[in-house]
2 protein chains.
Amino acid sequence: MTSNIISKTTRCHHNPQVSCGDCRLNSICLPISVHVDELDRLDEIIQRGRPLHKGDYLYHANDPFTSVYAVRSGTIKSIRITNDGEEQVTGFHLPGEILGMDGIAQNVHTNSAIALETTAVCEIPFARMEELSIKIPSLQRHFFQLMSQEITADQQLITLLSKNSAEERVASMLLSISTRNHRRQLSATLFRLAMSRADMGNYLGLTVETVSRVLSRFQKQDILAVDKKEIEILDMNALKRAAKTETC
Amino acid sequence: MTSNIISKTTRCHHNPQVSCGDCRLNSICLPISVHVDELDRLDEIIQRGRPLHKGDYLYHANDPFTSVYAVRSGTIKSIRITNDGEEQVTGFHLPGEILGMDGIAQNVHTNSAIALETTAVCEIPFARMEELSIKIPSLQRHFFQLMSQEITADQQLITLLSKNSAEERVASMLLSISTRNHRRQLSATLFRLAMSRADMGNYLGLTVETVSRVLSRFQKQDILAVDKKEIEILDMNALKRAAKTETC
DNA sequence: CGAAAATTTGACTACAATCAAACCGAGTGG
DNA sequence: CCACTCGGTTTGATTGTAGTCAAATTTTCG
């Protein structure tokens with residue numbers, strides 16, 4: 001079993017030895033109500049592999065589904081392949097967030113998951129998690145909630161795609177990332193986008209050119225300072241007004 | 001407890017007495033692996049109210065979440081209210097399908113659910129279902145699968161909205177309804193749409209006018225015969241070609 | 001039947017897509 | 001160290017699809 005001495009003395013989340021109890025992200029990815037003794041049982045089933053590098057696949061669409069994953073550092077994008085072979089970005093996953101739950105229905109992943117930068121994940125074997133859920137009801141509940149969150153997030157994106165202009169979509173996405181950064185104690189106003197303009201556009205149902213133009217416009221209006229992937233939000237209220245939608 | 005004598009002799013799904021074991025839809029809404037003795041326990045927790053009429057709300061957004069619902073007859077639409085007060089249709093629910101799972105995350109419904117015609121539902125109190133899941137692992141698994149299905153369906157809609165033209169979206173939606181009808185032994189080529197053109201457009205991210213124009217065009221090309229809400233698919237292959245996407 | 005709602009059709013417009021080209025920064029190799 | 005390519009990004013000019021506005025027509029239902 002993972003040594004608590006090691007894990008308590010390290011803070012780097014690339015380090016595969018950090019156990020759930022000591023993970024700085026556990027308030028995001030774990031149910032509050034899991035108790036200390038139960039944490040050990042959870043720790044036992046979670047696997048922490050070596051980090052993925054930029055471009056590495058965590059899993060491919062059509063791979064048999066065995067596990068869901070928690071991001072501990074870095075960024076993952078999820079994509080579906082459309083019939084005509086194009087890719088559709090269905091989500092970006094930041095530290096503390098869970099991905100892979102689309103595979104449960106058919107026991108096969110419907111998305112592929114790709115690291116956008118050096119990324120470390122915890123693998124949670126789903127069958128073992130299911131067994132454990134039977135013994136720890138709060139864990140069962142937590143997984144229901146995680147999946148429900150994914151549903152509401154997807155529905156928010158549906159609304160965004162269906163009702164909002166290019167500017168509103170880009171603004172909403174930046175606010176979403178800002179909020180999620182803030183939740184893990186990072187700056188809400190200054191951050192680095194891990195994804196390319198193409199990925200942003202793909203996710204938002206826009207072309208690269210449109211994303212670029214919108215960012216330029218926001219810069220010209222002194223709402224943002226954009227330096228390639230570095231984004232600084234200069235006028236948060238203006239950005240919120242531009243988004244016309246709650247933060248995702 | 002519900003009498004099996006009554007339920008075995010009736011076939012009408014508006015009838016609130018039909019138990020799960022005798023419901024013609026149980027292969028769609030229940031896990032195969034729930035056994036007969038377990039079915040009774042499920043039946044005990046499921047509540048079958050009187051039918052909803054057209055326009056009735058099954059629940060409102062922001063209502064406390066207590067239950068998920070299975071449609072037994074009729075059609076329900078789910079909507080979210082956007083910040084600017086517009087509604088976004090997030091789904092149509094046909095007999096055998098489950099709705100309401102968006103409420104689990106926050107213990108509050110994020111969608112409203114409205115009957116599009118006279119509709120009967122089974123109410124499944126979620127807390128009791130959770131308890132029962134601990135005793136019947138296949139039920140737990142089934143609920144995970146239902147939620148995962150909802151996720152993949154939402155992601156398919158995201159892809160449709162983000163990548164497909166008006167014609168492709170309308171064609172895909174008709175194919176989806178066709179497939180779901182066929183699954184419950186109804187005609188895949190001749191059916192009645194319960195929703196208005198406005199609802200279709202709202203769901204597909206299009207205006208009413210565009211939906212109407214696309215339907216007219218399909219009619220002119222002898223792909224469809226449209227008589228107000230009655231749709232007949234005259235050329236299924238052409239419709240599939242027009243959709244450029246798998247059936248949802 | 002008559003009023004209100006829903007649908008269809010037409011003319012015009014606007015927003016984002018497309019096509020095209022320039023630009024930038026990071027590497028690589030001469 | 002420079003010249004080079006190669007991705008990714010930005011900017012510009014033009015086009016096309018679906019949105020908007022408007023009006024006619026059909027359907028629904030009280």
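Naming convention: chains lettered A, B, ... in sequence-line order (proteins, then strands); numbering from 1 in each chain. Keep in mind that this is a model prediction, so the values were computed, not measured.
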Quick one: label [X] by what it contacts on the DNA or RNA (base, sugar-phosphate, nothing), any heavy atom closer than 4.0 Å.
| X | result |
| --- | --- |
| Gly201(A) | nothing |
| Ser196(A) | sugar-phosphate |
| Leu215(B) | nothing |

Item to complete: Show your working on side-chain hydrogen bond (donor to acceptor under 3.5 Å, both in side chains) between Thr82(B) and Glu87(B) and close with a plain yes or no.
Response: CA-CA 6 Å; Thr82(B) 65; Glu87(B) 61 178 60; over 6 Å; no

Discussion item. Checking side-chain polar atoms at under 3.5 Å, does Thr110(B) have a donor or acceptor matched by the opposite partner on Asp102(B)?
Written reply: yes

Write down the distance between [atom1] ([X]) and [atom2] ([N]), rounded to a whole number of angstrom.
| X | N | atom1 | atom2 | result |
| --- | --- | --- | --- | --- |
| Asp199(B) | dA6(C) | CG | C1' | 11 Å |
| Glu230(A) | dG25(C) | CD | P | 14 Å |
| Glu86(B) | dG19(D) | CD | C1' | 13 Å |
| Lys163(A) | dT20(D) | NZ | C1' | 15 Å |
| Leu161(B) | dA17(C) | CG | P | 14 Å |
| Asn164(A) | dA16(C) | CG | C1' | 15 Å |
| Phe218(B) | dT9(C) | CZ | C1' | 18 Å |
| Leu204(A) | dA16(C) | CG | P | 12 Å |

Worksheet entry | Ionic contact status for Asp199(A) with Lys77(A), cut-off 4.0 Å | yes

Worksheet item: Going by an N to O cut-off under 4.0 Å, is there a salt bridge joining Glu167(A) and Arg217(A)?
Response: yes

Practice prompt. Identify the two heavy atoms, one from Glu168(A) and one from Leu160(A), that lie closest to each other, and give their separation to 0.1 Å.
Written response: O-CD1, 4.3 Å

Discussion item. Looking at every heavy atom in both Gly201(B) and Val211(B), which two are closest together, and how far apart are they?
Written reply: CA-CG2, 3.5 Å

Worksheet item: Does a side-chain N or O from Thr207(B) land closer than 4.0 Å to OP1 or OP2 of dT20(D), or not?
Response: no

Practice prompt. Would you indicate, yes or no, if dG19(D) has its OP1 or OP2 atom less than 4.0 angstrom from a side-chain nitrogen or oxygen of Thr210(B)?
Written response: yes

[X], nearest nucleotide to its side chain (from [options]):
| X | options | answer |
| --- | --- | --- |
| Glu209(A) | dT11(D), dT7(C), dT9(D) | dT11(D) |
| Arg197(A) | dA16(C), dT9(C), dT9(D) | dT9(D) |
| Arg213(A) | dA13(D), dT10(D), dA18(D) | dA13(D) |

With the criterion being N/O to N/O and under 3.5 Å, what pairs connect the protein with nucleotides 27-30 of chain D, and how long is each?
from: dT28(D); atom 1: OP1; to: Lys228(B); atom 2: NZ; distance (Å): 2.1

Worksheet item: For the residue pair Tyr59(A) and Phe65(A), is the inter-centroid distance of their aromatic rings smaller than 6.0 Å?
Response: no

